[in-house]
Amino acid sequence: MSQIESLTGGSGYPTFPVAPGYRVNVRSGPGTNYSIEKVLPYDASVTIRCQTDGQSVSGPYGTSNIWDCIGNGLFVADAYVKTGADGYVVNRCA
């Protein structure tokens, strides 16, 4: 179990795997101009609390401007998360 999963497991929010073979940056906002708060290990999963529009990023799952909030002020680019959809899979962040 990844560190992120253990922190949010049982929260009722859906969990999705990060693209295999990638160590994904967790940022303080929805764009690469925000500071890196931590880096997810290989084969991590993330629990998505909400999603928001941000900077467009290209990754293994295409190009998207959707960013996934995985905790208070912590975001990962949706293009690196296997949600199974090209659009929003949870509520938009308030």
Side-chain angles (χ1 to χ4, degrees):
M1 180 181 300
S2 76
Q3 183 180 19
I4 296 295
E5 243 184 320
S6 65
L7 292 174
T8 58
S11 64
Y13 296 107
T15 300
F16 299 95
V18 172
Y22 288 88
R23 295 189 71 220
V24 176
N25 293 329
V26 178
R27 296 189 176 270
S28 62
T32 59
N33 55 318
Y34 290 90
S35 64
I36 297 171
E37 299 298 317
K38 60 178 84 176
V39 179
L40 297 176
Y42 293 113
D43 301 320
S45 291
V46 293
T47 299
I48 302 176
R49 294 180 175 197
C50 62
Q51 294 176 299
T52 190
D53 290 340
Q55 178 185 9
S56 186
V57 171
S58 294
Y61 299 118
T63 300
S64 176
N65 69 336
I66 297 173
W67 285 73
D68 304 330
C69 178
I70 62 168
N72 290 338
L74 299 174
F75 294 85
V76 295
D78 192 64
Y80 286 89
V81 179
K82 186 176 184 179
T83 61
D86 288 337
Y88 285 82
V89 295
V90 300
N91 291 332
R92 290 181 184 244
C93 300

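A donor-acceptor pair under 3.5 Å is absent between the side-chain atoms of Glu37 and the main chain of Val26, judged by distance alone. A distance-only check finds no donor-acceptor pair linking the side chain of Gln51 to the backbone of Ile66 [under 3.5 Å].
Taking all atoms of both residues into account, the shortest heavy-atom contact from Thr63 to Ser56 is CG2-OG, 3.3 Å. Across all non-hydrogen atoms, the minimal contact from Ile36 to Arg27 is CG1-NH1, 3.4 Å. A pairwise comparison of heavy atoms in Ala79 and Val57 identifies CB-O, 3.6 Å as the closest pair.
Side-chain contact, Asp53 with Tyr88: a donor N or O sits under 3.5 Å from an acceptor N or O. Under the 3.5 Å distance criterion, with hydrogens and angles disregarded, a donor-acceptor pair is assigned to the side chains of Arg49 and Asn72.
Cysteines Cys50 and Cys69: SG-SG separation is not under 2.5 Å.
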- Before giving the answer on side-chain hydrogen bond (donor to acceptor under 3.5 Å, both in side chains), spell out for Thr15 and Ser45 the whole-Å C-alpha distance, their side-chain angles and the decisive distance to 0.1 Å. CA-CA 6 Å; Thr15 300; Ser45 291; over 6 Å; no
- Go through the steps for Val24 and Val46 under the test side-chain contact (heavy atoms from CB on, under 4.5 Å), then give the verdict. CA-CA 11 Å; Val24 176; Val46 293; over 6 Å; no
- Task: Applying side-chain contact (heavy atoms from CB on, under 4.5 Å), run through Val76 and Val18 and close with a yes or a no.
- Result: CA-CA 10 Å; Val76 295; Val18 172; over 6 Å; no
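How far OH of Tyr13 is from OG1 of Thr47: 10.5 Å, rounded to the nearest 0.5 Å. Of the inter-residue distances, the one linking Asn65 atom CG with Thr52 atom OG1 reads 9.0 Å to the nearest 0.5 angstrom. Considering OH of Tyr80 and OH of Tyr61, their distance stands at 11.5 Å, rounded to 0.5 Å. The OG1 atom of Thr32 lies 9.5 Å from the CG atom of Asn25; values are rounded to the nearest 0.5 Å. Here the straight-line distance linking atom CZ of Phe75 with atom CH2 of Trp67 works out to 9.5 Å at 0.5 Å rounding.
Side-chain contact between Pro20 and Asp43 is present, with at least one heavy-atom pair separated by less than 4.5 Å.
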